[in-house]
Engineer: 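To start, I am sharing the structure in question, which I have written as structure tokens.
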Amino acid sequence: MKRHDLDVFSLMAGLLFVVLGGGYALAAATETHLDPRFVLPAALVALGVGGLVGSVVGARRRRDSIPSPDAMPS
């Protein structure tokens with residue numbers, strides 16, 4: 001099987017949904033209240049951070065894969 005690069009944004013989004021689902025399941029099991037006024041902004045902030053991390057990692061990989069002018073054959 002061919003390996004592929006790590007998609008940081010998708011990983012962060014998946015982890016976020018796992019944490020949200022676990023939080024709501026825990027709140028239902030313990031009969032506590034999870035305030036949606038804080039959950040939605042926290043989820044959006046987490047997705048934004050994941051997007052920023054993904055773009056920085058992608059830019060760094062592209063920069064590292066470009067050969068320097070000194071290394072190019074003449």
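Any value given below was found using the heavy atoms of this structure, including those in side chains, with hydrogens, waters and symmetry copies removed.
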Engineer: Are Val53 and Leu15 grouped together when hydrophobic residues (ILVMFWY) are joined by side-chain heavy atoms under 4.5 angstrom apart?
Structural biologist: yes
Engineer: Among the clusters formed by ILVMFWY side chains lying less than 4.5 Å apart, do Tyr24 and Leu47 turn up in the same one?
Structural biologist: yes
Engineer: Can Val49 be reached from Val57 by stepping across I, L, V, M, F, W or Y side chains whose heavy atoms are under 4.5 Å apart?
Structural biologist: yes
Engineer: What pair of heavy atoms forms the shortest contact from Ala43 to Leu16, and how long is it?
Structural biologist: O-CD2, 3.5 Å
